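Everything on this sheet refers to the single structure shown next.
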Amino acid sequence: MLVNPSDAAHELETKYVEDAMRVTGQQMVLLEASAESDFEPALVSAVQQRADALLVSANPLFTSQRAQLVALAARHAMPAGYPWREYADVGGLMSYGPSIAGAYHLIGRYASRILNGEKPADLPVQAPTKYELVINLKTAKALGLEVPPTLLARADEVIE
């Protein structure tokens, strides 16, 4: 799992992934990158440790450099999962997470309510309600992976 150690939010995300890995009997290797220059060494480390796949955490640095991360994963033939569909759109294998566009829509609604006189403290906390699974079959083919039909059937979008 690739995390940004300078982002305190990674600790909770890492805990959730570690808990899931423990249930499935798998091991997690934590890779850290707090700058773009850390991406290549992190991927090399994953390959050297014989990681089966890469999970990229939800971090603004990673999202802003998603094309570079996707290209590095492809260069190292590393299957990777990402938190946002925008990664799959630029060639990432698969993504599962809330819609960024949906989140911005909610932000717009909140801004409108505040501009119309509502107090921010009176607005309810909202969390995403829709999560998207996007699978890039072109990338799967390039990696020599066959995506099970049951997973394809559950996908919200399949990029061919």
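Numbering starts at 1 and runs along the sequence shown. Not measured: the values here are computed from a predicted model.
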Show me the pairs that pass side chain to side chain donor-acceptor pair (under 3.5 Å) and involve residues 39-51, at least two apart or across chains. Glu40-Arg75, Glu40-His76, Ser45-Gln49
Qualifying salt bridge (Lys or Arg N to Asp or Glu O under 4.0 Å) pairs, either residue in residues 101-115, two or more places apart: Arg113-Glu118
Show me the side-chain donor-acceptor pairs of residues 136-145 shorter than 3.5 Å, one per line, residues at least two apart or across chains.
residue : atom : partner : partner atom : Å
Asn136  : OD1  : Lys138  : N            : 3.1
Asn136  : OD1  : Thr139  : N            : 3.0
Asn136  : OD1  : Thr139  : OG1          : 3.3
Asn136  : ND2  : Ala88   : O            : 3.0
Thr139  : OG1  : Gly91   : O            : 2.6

Qualifying salt bridge (Lys or Arg N to Asp or Glu O under 4.0 Å) pairs, either residue in residues 8-26, two or more places apart: Lys15-Asp19, Asp19-Arg22
Please name all residues satisfying salt bridge (charged side-chain N to carboxylate O under 4.0 Å, His left out) with Asp38, sequence neighbours left out, ordered by chain then number. none
How far does CD of Glu36 sit from CD of Gln68, to the nearest 0.5 angstrom? 4.0 Å
Say you draw a straight line from CG of Leu30 to NE2 of His10; how long is it, rounded to the nearest 0.5 Å? 6.0 Å
With sequence neighbours left out, write down each residue that passes salt bridge (charged side-chain N to carboxylate O under 4.0 Å, His left out) with Lys119, or none if nothing qualifies. none
List, by chain and number, the other hydrophobic cluster members for Tyr16, where Ile, Leu, Val, Met, Phe, Trp and Tyr join if side-chain heavy atoms come within less than 4.5 Å, directly or indirectly. Leu12
Please report the closest heavy-atom contact between Ser57 and Asn4, naming both atoms and the distance. OG-N, 4.3 Å
Side-chain donor-acceptor pairs under 3.5 Å in residues 146-160, sequence neighbours left out?
residue : atom : partner : partner atom : Å
Asp156  : OD2  : Leu133  : N            : 2.8
Glu157  : OE1  : Arg85   : NH1          : 3.0
Glu157  : OE1  : Arg85   : NH2          : 2.5
Glu157  : OE2  : Arg85   : NH2          : 3.4

In the hydrophobic clustering that connects Ile, Leu, Val, Met, Phe, Trp and Tyr at side-chain heavy-atom distances below 4.5 Å, which members other than Leu72 occupy its cluster, ordered by chain and number? Leu2, Val29, Leu31, Phe39, Leu43, Val47, Leu54, Val56, Leu61, Phe62, Leu69, Val70, Met78, Tyr82, Trp84, Tyr87, Val90, Ile100, Tyr104, Ile107
According to side chain to side chain donor-acceptor pair (under 3.5 Å), does anything in residues 124-135 pair up with another residue at least two apart or in another chain? List the pairs. none
Side chain to side chain donor-acceptor pair (under 3.5 Å) involving Thr14 - partner list, sequence neighbours excluded: none
In terms of heavy-atom contacts, Met1 and Met28 come closest through CB-SD, 3.7 Å
Residues at least two apart in sequence or cross-chain that pass side chain to side chain contact (heavy atoms under 4.5 Å, CB included) with Pro120, listed by chain then number, are Ile114
